[in-house]
Amino acid sequence: MRESAKELTRRQQSALLGGGEDRIRHQQAKGKLTARQRIDELFDRGTFEELGRFVRHQCSDFDMDQRRYYGDGVVTGYGKIRGRLTYVYSQDFTVFGGSLGRAHADKIVQVLTLAGQNGAPVIGLNDSGGARIQEGVVSLGGYADIFLQNTLLSGVVPQISAIMGPCAGGAVYSPALTDLVFMVQDTSFMFVTGPDVVRTVTREEVTANTLGGAAAHATRSGVAHAVRQDDASCLSAIREVLGFLPQNCEEQPPDRMSEDPVTRQAAPLDDIIPESANMPYDMHDVIGQIVDDARFFEIHQAYARNLICGFARIGGRSVGMVANQPAHLAGVLDIDASLKGARFVRFCDAFNVPLVVLEDVPGFLPGTDQEWGGIIKHGAKLLYAFCEATVPKITVITRKAYGGAYDVMSSKHIRGDLNFAWPMAEIAVMGPQGAVEILHRKNLAQASDSETRKATFEQEYRRKFANPYVAAEYGYIDDVILPRTTRTRIAHGLDMLRRKVLNNPRKKHDNLPL
Ligand code: HXC
């Protein structure tokens, strides 16, 4: 081999080793893959092309000129995921703890820019000690450059972040600006200020995991949209979720046909609603019966469980499912559920994913916690999201649709395209008990047989209002359907709406109630 080729090979091998074999072993001992192994898992075999392999930092403070690693702690490039172009950056913790300096930031900005110019998704694999301390303000500038690109790309191409190690300080704001944040159980954490600063400022004693581990962000803060137990399953989940999304906002999500016929009758749904209106049932069971092959990719599975959000396919078509969950807090809408739903609806709308809503909602959650916490402005976000969404919207009211929640959950009044109700649906201003207590308060207070009267009034109210036919008479419901036919009706509706065109008024940007 010629000398120059040997030199290239030597440099390539050095680049592949990142911070060196010892540090790689240390990384793997923690149960983590290396930055390059993650890329191998993420992309179709043999499709990854690296960019900036020989980039090195130009810093000389703190003897940094003695330690210049090829790649500068981040592997960047592009490849194919299930045959579709995707960009990636993967931080290498073996090089200065994956910390971000000028060169490292420039490499990330390059792939973000390419993703925007070429209309393809970008995945960020985060494993970093944050701003590179030796480079000072230059690294802060680097972060800001990334934040700007994340913001400009928002709604243009899908951006997905995986947290696969530390993600601390201002570094958290890049993932937070992207569409989906995945975290890996036990090995990842995210916080603006770590346990030491927390102890100094608030005197709280807390571990990194309790403060910002996967469980904290999946259940409490809602920062994490999904958690997987290890790097490999996290990367496989990212491959899967991309399959529901188009490459960019100008394209439609790809269809993927299954063997599950759209004419399949979902007979178990006929008996799924309990006799008593106050008894719960699991809306996951309804989803499982409706979607292709019972396959459902849930987002925010452990957060605000009173609302279920996730991707599925019906008749091969990608859909975003939004469903009240009667098995948790009776499916009530509260602050967390409103935030979760609003974000998901906007994500689907931005990327042309039709929305399918399954509704069984007793209303908004009452109480000082909710009112003082701003349920008015947060509930308005969900309302706003459904109002502005221009993708096909199909709603099925399975049981309760009470009060403001009836309007909010993609009613026809806010441009729901097809709205169905099951025969046992109750569509009214409020439930029978509350309505009778208000309408007949004086009457009941004076009566000696108040309980009997109350029961009679409730029965009368139920007969008059707690059914789907009043709404259907006004045309607020397109049809009352047998539960078993739900899958077929939705599939036909999606087909009918395939070329729907609807535009919102032109504006600089909206003023979502934040
Ligand atoms: C430079 C860093 C670094 C950093 C880690 N390293 N973080 N080098 N800048 N920010 C280096 C370490 O010196 C060490 O090098 C190697 O990476 C591995 O780090 P360890 O500490 O040995 O690893 P571990 O015990 O696993 O701990 C990881 C860690 C810890 C929890 C991330 O390193 C840590 O707390 N780092 C600092 C985190 C931080 O405060 N970052 C700044 C946040 S503020 P050697 O050569 O000794 O092996 C921020 C602002 C962004 O990011 C603002 C944007 C607007």
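Order of appearance sets the numbers: ligands from 1, and atoms from 1 within every ligand. Worth saying up front: this structure is predicted, and the values here are computed from it rather than measured.
With a heavy-atom cut-off of 4.0 Å, Leu140 touches ligand 1 through its side chain alone.
A donor-acceptor pair shorter than 3.5 Å cannot be found between the side chains of Ser99 and Ser128. When only modelled atom types and interatomic distance are considered, Tyr406 and His413 share a side-chain donor-acceptor pair under 3.5 Å. Side-chain atoms of Asp127 and Gln27 include a donor-acceptor pair closer than 3.5 Å. In this structure, a donor-acceptor pair under 3.5 Å is absent between the side chains of Asp44 and Thr47.
Distance from atom 46 (O) of ligand 1 to its nearest protein heavy atom, with residue and atom name: Arg67 NH2, 3.0 Å. Annotation: atom 7 (N) of ligand 1 to nearest protein heavy atom, Gly129 CA, 3.7 Å. The protein heavy-atom contact nearest to atom 3 (C) of ligand 1 is Ser99 CB, 3.9 Å. Here the heavy atom of the protein found nearest to atom 44 (S) of ligand 1 is Gly169 CA, 4.0 Å. Among all protein heavy atoms, the one lying closest to atom 10 (N) of ligand 1 is Ala131 O, 2.9 Å. If you check which protein heavy atom lies closest to atom 9 (N) of ligand 1, you get Ile133 N, 3.1 Å. Nearest protein heavy-atom neighbour of atom 2 (C) of ligand 1: Phe96 O, 3.6 Å. Scanning the protein for heavy atoms near atom 51 (C) of ligand 1, the closest one is Gly170 N, 3.5 Å.
In the vicinity of Pro166, heavy-atom distances shorter than 4.0 Å reach the ligand 1 atoms 32 (C). Near Ala168, meaning under 4.0 Å from any of its heavy atoms, are these atoms of ligand 1: 52 (O). Proximity to Gly130 (heavy-atom distance under 4.0 Å) selects the following atoms of ligand 1: 52 (O).
Between Cys348 and Val391 there is no side-chain heavy-atom pair separated by less than 4.5 Å. Side-chain contact between His328 and Ile308 is absent, with no heavy-atom pair separated by less than 4.5 Å. Within the 4.5 Å cutoff, side-chain heavy atoms of Met321 are placed close to those of Phe296. When side chains are defined from C-beta on, Thr76 does not count as touching Arg53, because their heavy atoms never get closer than 4.5 Å. The closest side-chain heavy-atom distance from Phe364 to Ser338 is below 4.5 Å.
Between Arg10 and Glu7, at least one side-chain nitrogen of the basic residue sits less than 4.0 Å from a carboxylate oxygen of the acidic one, meeting the salt-bridge criterion. The existence of a salt bridge linking Lys340 and Asp334 is excluded, since no basic side-chain nitrogen approaches an acidic carboxylate oxygen closer than 4.0 Å. Salt-bridge annotation for Glu205 and Arg199: present, with a side-chain N of the basic residue lying under 4.0 Å from a carboxylate O of the acidic one. Glu388 has a carboxylate O that lies under 4.0 Å from a charged side-chain N of Arg346, or vice versa, which qualifies the two as a salt bridge. Between Arg132 and Asp72, at least one side-chain N (NZ, or NE/NH1/NH2) sits under 4.0 Å from a carboxylate O, which counts as a salt bridge.
Distance check for atom 29 (C) of ligand 1: every protein heavy atom is found at 4.0 Å or beyond. Counting protein heavy atoms under 4.0 angstrom from atom 48 (O) of ligand 1 gives one or more. There is a protein heavy atom closer than 4.0 angstrom to atom 23 (O) of ligand 1. The presence of a protein heavy atom under 4.0 Å from atom 35 (O) of ligand 1 is ruled out. Counting protein heavy atoms under 4.0 angstrom from atom 12 (C) of ligand 1 gives zero. Under the 4.0 angstrom criterion, atom 20 (P) of ligand 1 counts as lacking any protein heavy-atom contact.
By the 3.5 Å distance cut-off applied to N or O atoms, Ala171 is not counted among the residues near ligand 1. Distances between N or O atoms of Phe189 and those of ligand 1 include no value under 3.5 Å. Taking any N or O of Phe147, backbone or side chain, none lies under 3.5 Å from an N or O belonging to ligand 1.
In this structure, of Tyr143, Phe93, Phe191, the residue bringing a heavy atom nearest to atom 27 (O) of ligand 1 is Phe93. Nearest to atom 26 (O) of ligand 1 by heavy-atom distance, out of Gln27, Arg23, Lys30, Arg132, is Lys30.
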